[in-house]
Structure formats: structure tokens, C-alpha cells
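Every chain is numbered from 1 and lettered A, B, ... according to where its sequence line falls, protein lines coming before strand lines.
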There are 4 protein chains.
Amino acid sequence: MNIKARAVEPAPVRRRVVKSASKDADLIRQRRQALITAAVHVFKEKGFHEATVRDIGRVAGMTQGTIYNYVESKEDILYLVCDQIVGEYQEETRKALDTSSDPLTRVRSTVRAVCEVMYRHQEEILLIYQDSHLLDARSRKVILARVEEFIGMFEVILKDASRQLDRPLKSPHLSANILTFLPTMIALRRWSLNRHVTVEEMLDGISEFLVRGLGFGA
Amino acid sequence: MNIKARAVEPAPVRRRVVKSASKDADLIRQRRQALITAAVHVFKEKGFHEATVRDIGRVAGMTQGTIYNYVESKEDILYLVCDQIVGEYQEETRKALDTSSDPLTRVRSTVRAVCEVMYRHQEEILLIYQDSHLLDARSRKVILARVEEFIGMFEVILKDASRQLDRPLKSPHLSANILTFLPTMIALRRWSLNRHVTVEEMLDGISEFLVRGLGFGA
Amino acid sequence: MNIKARAVEPAPVRRRVVKSASKDADLIRQRRQALITAAVHVFKEKGFHEATVRDIGRVAGMTQGTIYNYVESKEDILYLVCDQIVGEYQEETRKALDTSSDPLTRVRSTVRAVCEVMYRHQEEILLIYQDSHLLDARSRKVILARVEEFIGMFEVILKDASRQLDRPLKSPHLSANILTFLPTMIALRRWSLNRHVTVEEMLDGISEFLVRGLGFGA
Amino acid sequence: MNIKARAVEPAPVRRRVVKSASKDADLIRQRRQALITAAVHVFKEKGFHEATVRDIGRVAGMTQGTIYNYVESKEDILYLVCDQIVGEYQEETRKALDTSSDPLTRVRSTVRAVCEVMYRHQEEILLIYQDSHLLDARSRKVILARVEEFIGMFEVILKDASRQLDRPLKSPHLSANILTFLPTMIALRRWSLNRHVTVEEMLDGISEFLVRGLGFGA
DNA sequence: AATGAATGAGACTTCATTCAT
DNA sequence: CATGAATGAAGTCTCATTCAT
């Protein structure tokens, strides 16, 4: 897909480098993955600050000393966690995107896909919204750049589809932000939604709302 | 409007009681207000965990010992801060609501008002989204109850207006959530929006999106 | 009574002077008495260190500032408390002493009296044994001097009575110490005694034991 | 002696478990022993409350952080101290007990042994009487249970010996309490005794007193 | 003389990080 | 490379005492 090829990974966002005492790249990857998985688990439960390095180590099957062979600080772990969550969420969303059909249909299915993936990742997204601001400025920037890139992908999709409409989108960037932001409500407002709405109603409702709001409604 | 009168301030959500060593109600209010103002300032800058009680005291012009005359714990301060922010945001929103015109017009002006108030309170709302989850369960519940009540107010407004439409809203509660949630994007996505959109475009865009999405578009 | 007159108050033990900001002697006495009563209450419950000056003030109906008009430090209060407890205990014991009958009978009734007074004052005596060592050296000395004087009184009584025996007491001072110390078991071992022995058994048992041990048994 | 065998170590009083961050049992024992020794030293000098964890650490050659690897709180240290003191005192007493001779002689030597061990441990016993009441309820219970068990051992010895007498002991439990309590006078009244009586006189006097009082006198 | 708000020293405790084994 | 014991900085909170009113 041309459009996608150009838009989806335009400026290959530079990742932050996390230093390690070890040289064995495979081992590093392996240990870090264990760390990330463990940390996601612990952060979900206690948040970044309440979680101790020991806690993470216990779940990851590593002692504190070992952890510091693969990471320079506790904040590095948070960075890795945020990076992974954002990456997985985005990848799964990309996979779910309908790239075949006509632009208008594609918008509808895209909206639906975004909502569904958000629903499945709500816990991780919650983590991101609660803890990512604890990253140091540099790390946060890197993470946000990835999100910006992700938003950009939808900007392209929306622009593309809006040519079919009588009037073009006023601000594709704003629309793309709405499209990617509103579904986080599933995570950030679940304390309210879960008590009044079924999952289906919620996903349908948000999707329809987005489609209408974006101007692609019936 | 009866319905509204009943609905807008329906169940006066019980506040959490924050104990104080002092008995002078006026002094308590005064000192706590200084504390809150200072804490908002410090929390915005460093977040709850990085902020020390000393920091807050320094800004509030109080020594640590004095602070603990008006508050039982650092978390009490966070509660007071959240309570105040939510309260001020809601009160200002209520004031901005158009209660005179016809239901349809009212929805439009309501949407706009919500967005504008959010724009003015974006820093505080950001604080809420970044730190309120650090409250203990009980405090968080109280705060969320206030928000739920706030959402309920919009639910009533939307229900009311939807009678003018051909088809009623499917889920007023979901709609009210969207109406109150989407504007937080102004705070939570400002790192992206500020770089591509002017304030006016943003407020217009979100408002129009909401009106359309809710089904009250042209 | 000659003997008593000479022995009971031989070296009028100098009290420690507790300074006061007030000049009105009556008021001082009155307020201090309230303080002492309150402090005894609070110290019994929480011990000296856990008790705050506020606690004592609350029970005494005085604010912190007022307290420091009649006392220079929290430790002063402890001194006053110890002084009062020791004084009351000793006075009540003195009153209970049989000064009329013959020396041998007198020993028996003295022993019994000491035990009974101890029983009635067990809580205060416990307080003394748990907290009096927290006094500064000077205060402790004063208190101990009063006790020493008290012991001396019994030394005289025992010496007096031992003339009736075939063989005199080897060490009247040691005997007087035993006579005054053993009954504290009622306070210091009540956690053990109360579970196995009735009050009567305990008082009888200790009294008989003392009489026999002192050499005045049948 | 069967009876004794059963009675002396009857219900192995459950110790309180003190948690540790370390897993190396040997190291734990070693560090805790250093801690206990240091704490005994410091507590003797300043008492529990005036002693800081730093003080203890300084004497033990450990930093504060290290201490908390082997103990969960300052109170844990107090518990360990009390436990050790009581244990050592009791063990030494047990060792000193004469188990060979006839019951009557045994009582006499038992009494003497108890007094002598008390004399050697007076400083620690003083510490117990001054600080053990600062333990939390649960720890205190455990300690007292050990003492009760200890008292029980003497109860058996006394019962055993009293069969040789014309009249049996009225209350062996009370007698055992007296037997184990009176010697604490050596510690608790040393401020009085040391000034008037030699050590020998004191030990002889108390021993004879106990033997006579218990009914085993000449 | 009484009040009680303010002070500030100091205590206990936690935990990210280091480093010898 | 792994371990986990040791470190020590830093933070929250308490409370005896002071002092302006």
C-alpha cells in the first residue's frame, strides 16, 4: 500500500538507547522482555512509584543486581514499558486496519478497529496515562513522537477519505487526534461507563459517534 | 427548568472529612486554601511524588509542622487539591451553561462552553489526570462521585434536547461521557495539538465534532 | 509515738523545686493537682512517652500553654506524678500502721497493711516501676530518697520487734527492703497471679510468707 | 525425674517471628546477635526511647539501612533483646539447678542459685523491668509466656519438695512467683541495698528469707 | 493568666543503586 | 553474568516548647 507505506512509518522515530552492562544482544533482549512483562504487571497494580525494583525483580525472576545489568535505572524500566505498550498497541491497530476497501468504508472500519483494540488494551493504556508523565523529558519526547507518528497515519487515512466528501475536513490533524483520543475514554472513564453501558453499546456508540462527528455519517 | 433544577445538584456528594488539629474554622479554611494553592503550583511542576511537604510549605509560607495542623497527611493535601480543582472546574462550567434558549441551541452552546472552560483549566485538569489516581480508594471514590454527578447533569440536558430530534439518543449516559471527556483532549493532547492547530481551530473543531457526533449537527 | 516521730520523718527529704510562671501559690497548687491527676490517668494508659502534653492537657482541662505556666517541662509533670504517687502510697500506709499493740503483733499487722495498701495502689505502683526511671537523675534521686526514708521507718519497726525474738535480725535494712519490696509483686506479677490465685489467697499468702521469712512466724 | 522432665520444658512457648529481608539464616543470626548485643548496651544506658536506631547501628557496626534488612522495626529489636535476656537468664538458672539431691536440699540450693544468677544478670533484668512494657501486646505476651513457663518449673520443684513437709504448700503457684520475683529486688532495689549491705549479706539474707518464708526453714 | 498556632528538630523507615563475592 | 547485602539519602510525620494575642 502506497499511502500507508509513505504515511505509516515516515520519520523512523529514534528510540532512546538504554544502556546495558551486558554485551550479548540476545540475552539483553530476553532479560529486558522479562523485565517489561513483570513491570507492566506490577505497575498496573501499584503504579510506578509504589512499585519497587525488588517487586519487579521478584515477578521477573531476577534479583536487583541482575536487573541493573540490563538497565541503568528504574526509570529505564518505565521507558521500556511505555515503549512496548505503545508499540504493541500501535502494531495491533495497524494490523486491524482495513486497507482494501474504498476510503469511506475504510474510515468506518478503521474507527471500529481503533475502538476494539483500545478495548482490549485498556489496562495498558491506563498505565500509560497514569505513569508516562513520570518519564524524564527525553524519554517522554521519544514516546510522544511515536504517538504523533501514529496519529499521522490516521491523518492520511482521513485526508484520503475526505476527498470523497462534498466538503473536505477542516483540520485533518485535529480529526486524527480525536479519532485516536476519544477511544481512550474506554480506559479512562471505565469507572463510569461500566456501570451504565454494555461493552457492545459502548463500542457501537463511540464508533458511531466518531463516524458522525468526523463527517462520514449516514 | 424543573428537571434541571433537580438534576444539576441532585445528590450533594458527601465530601471526605479532612481532620485538623485547629478548631478555628476560618483559619482552617484560610490555611488550607493557601496549602491548596501552593500544592497545585508544586504538583503541576513536579507531580505529587516528587513534591515534598517542605516544597509545599515553602510556597504556602508554612513550616512543615504548621501544615500538619491543618491536614493529617500529604495525601490529604492531594485530596484537597483534587476536590478544589474538580469543584472549580464544575462550578465554572455550570455558570457558563446556557439555560435560557431552546434545547437544541442549548446543546450547541453547552458544548462550546465545556470546551472553553476546559481550555482555561487545562493545567489543572492535566494535574487531575496525572495524580488523582494516587488518592487512596476512599478519596478517589468521592472525587469520582462528584464527576459522575457532573456527567449526570449533561445527561439530563442531552435527554431533554433529544426529544426535539427524530430519533432519541441511544445512550444518553454514554453521550454525556463523550461530551465531558473529549474536551480533556485539550489538556491531554496539547503536546500534539499546539503544534498544528490554533486555539480557535481547536475549540471550533472539537465543538463541531461533538455537536455532529451527538446528532445535533446541521 | 516517739519511735515513729524520730524514725518516720528523720531527714526531711528535700523536694525538688518545680518552677512556675505564676505567683499565686493557691492557683499553682490547684492547677498542678489537676495536672497530676490527669497525667496519672494518661500515663497509666499509654506510658510517659506515648502520652503527649496535649493528652494530659485535654484530660486536665488545660491547654498546652497553660500547662507550661505551672511546669517547665513534660518531665516536671512526671516528677510531680511520681512524687504524688509515692507520697500517697506512703501516707496511706502510715495511716494503716498499727502503732498500739505489742511489737510482735505490730509486725504482723504491719505486713498485712503494707500488702493491702499495695493491692489498692497497684496501678500507681506499676506506673512508678515503668516510668520513674525516665526521670532525670536529680528528680529520681529525690524520689528514691523518699522511698529510702519510707524503708527506714520499717527498719525501725523491725528492729524494735526483733528484740522480742531469741536472735535479732541479721540485717534490718535488708529485711525492711524485702518487706516493702515483695508486695510490689502484686502489681508487677499480676499478669501471672490473677490467673491462678484469688485476691485473698494472694494477700494471705504474701503476708504469711513475709512474717515467716522475717522470722516472726509461729 | 519424670515430672521435672515433663514440666521443665513443657509447652515450648512459640517465639514471635521476626521477619528479615535476607534469606541467609546464618547471616541473619549473626547480624541479629550483633544488633542485640549493641541494643542491650544502648538500652541499658539510655532506655529504649532515648536510644535511636542510629545509636544501635553505630555500636553494632551497621548502618540504618542494614539494620532494617534484619529487622522490621525498632520494636523488633526490643523484642529480640527481651527474648534474649529472658532466655539467657532462664538457661543459666536451669543450668545452676541442683537436680540430684533430695527435695529439701534441692529447694535450698535452688533458692540460692536463683539469687546468684539474678545477681549476675541484674543489669539485664533491670532493662526488662524498665522497657519490656514498651513491647506491643503480642510480643509482650510471648515474653510473659516464657516467664510463666519458667515460674511453672519452680512450681513443680516446690510441690515436689512440699511432700516432705508436714503441711503442703497452700499455693505452689504463688510460692513459685515469690521465689522468682523476690530476687529481682537485687536489681530493682540496688540503689538502696548497695549502700547498706554487702553482696554476701544480700544473697544470704534473701536466700534465707525465701527458704524460711517458703516453709523449708530450720 | 489562658490560649493555641507556630515552630523545627529529630525520629523512624524505605528503597534505588552499588559492589564484593 | 548473577547475587543480594550494604549503603545512605531523603521523606513523612510527631510533638515538646515558645510566644503573640
Given atom [atom1] of [X] and atom [atom2] of [N], what is their separation to the nearest angstrom?
X     : N      : atom1 : atom2 : value
B:I67 : F:dT12 : CD1   : C1'   : 11 Å
A:F48 : E:dC15 : CZ    : P     : 13 Å
B:D55 : F:dG11 : CG    : P     : 8 Å
A:K19 : E:dT18 : NZ    : P     : 13 Å
A:L78 : E:dA16 : CG    : C1'   : 14 Å
C:K46 : F:dT14 : NZ    : C1'   : 12 Å
B:K23 : E:dT3  : NZ    : C1'   : 13 Å
B:K74 : F:dC13 : NZ    : P     : 8 Å

Comparing C:S20 with D:H49, nearest DNA chain E nucleotide closer to 5' gives the residue C:S20
Assign each of A:V53 and D:S73 the nucleotide of DNA chain E bearing its closest heavy atom; nearer the 5' end lies the nucleotide of D:S73
Whichever of D:M62 and B:E50 has the more 5' nearest nucleotide on DNA chain F, that residue is D:M62
Whichever of B:G65 and D:R54 has the more 5' nearest nucleotide on DNA chain F, that residue is D:R54
What one should report as the nearest heavy-atom pair of D:I77 and D:A39 is CG2-CB, 3.6 Å
Here the pair of heavy atoms bringing B:Q64 nearest to B:R54 is NE2-NH1, 3.0 Å
Test salt bridge (Lys or Arg N to Asp or Glu O under 4.0 Å) applied to C:R16 and C:D76, step by step = CA-CA 10 Å; C:R16 220 197 76 191; C:D76 273 359; 2.3 Å; yes
Please state whether the phosphate of [N], meaning OP1 or OP2, lies under 4.0 angstrom from any side-chain nitrogen or oxygen of [X].
X     : N      : result
B:S22 : E:dA5  : yes
A:Y70 : F:dC1  : no
B:N69 : E:dA5  : no
D:Y68 : E:dT13 : yes

Within 45 degrees of the ring normal and closer than 6.0 Å to the centroid, is that where the cationic atom of C:K74 sits relative to C:Y68? no
> Got C:V18 and C:Y70 here, is their nearest side-chain heavy-atom distance under 4.5 Å?
Replying inline: no
Between A:L135 and A:C82, is there a side-chain heavy-atom distance shorter than 4.5 Å? yes
Between its two end axes (five pairs each) the helix from E:dA2-F:dT21 to E:dT21-F:dA2 turns, nearest 10 degrees, through 10°
| query | What do you reckon, is NE2 of C:H41 surrounded by more than 12 foreign heavy atoms closer than 6.0 Å? | reply | no
Contact check, residues 24-32 of chain D vs DNA chain F, heavy-atom distance under 4.0 Å, returns D:L27, D:R31
ask   = Does any N or O donor sit under 3.5 Å from an N or O acceptor when you compare the side chain of B:Q64 with the base of F:dC13?
value = yes
Item checked: Short side-chain donor-acceptor distance under 3.5 Å, D:D136 and D:S139 -> yes
* Residues B:T52 and B:D55: side-chain donor-acceptor under 3.5 angstrom -> yes
Report task. Under 4.0 Å between any heavy atoms, over every strand shown, what does C:T66 touch: base, sugar-phosphate, or nothing? Just pick one. Result -> base
Applying salt bridge (Lys or Arg N to Asp or Glu O under 4.0 Å), run through C:D83 and C:R146 and close with a yes or a no.
-> CA-CA 9 Å; C:D83 188 59; C:R146 291 196 74 180; 2.8 Å; yes
Against the side chain of C:T52, the closest entry in F:dT12, F:dA16, E:dC12 is F:dA16
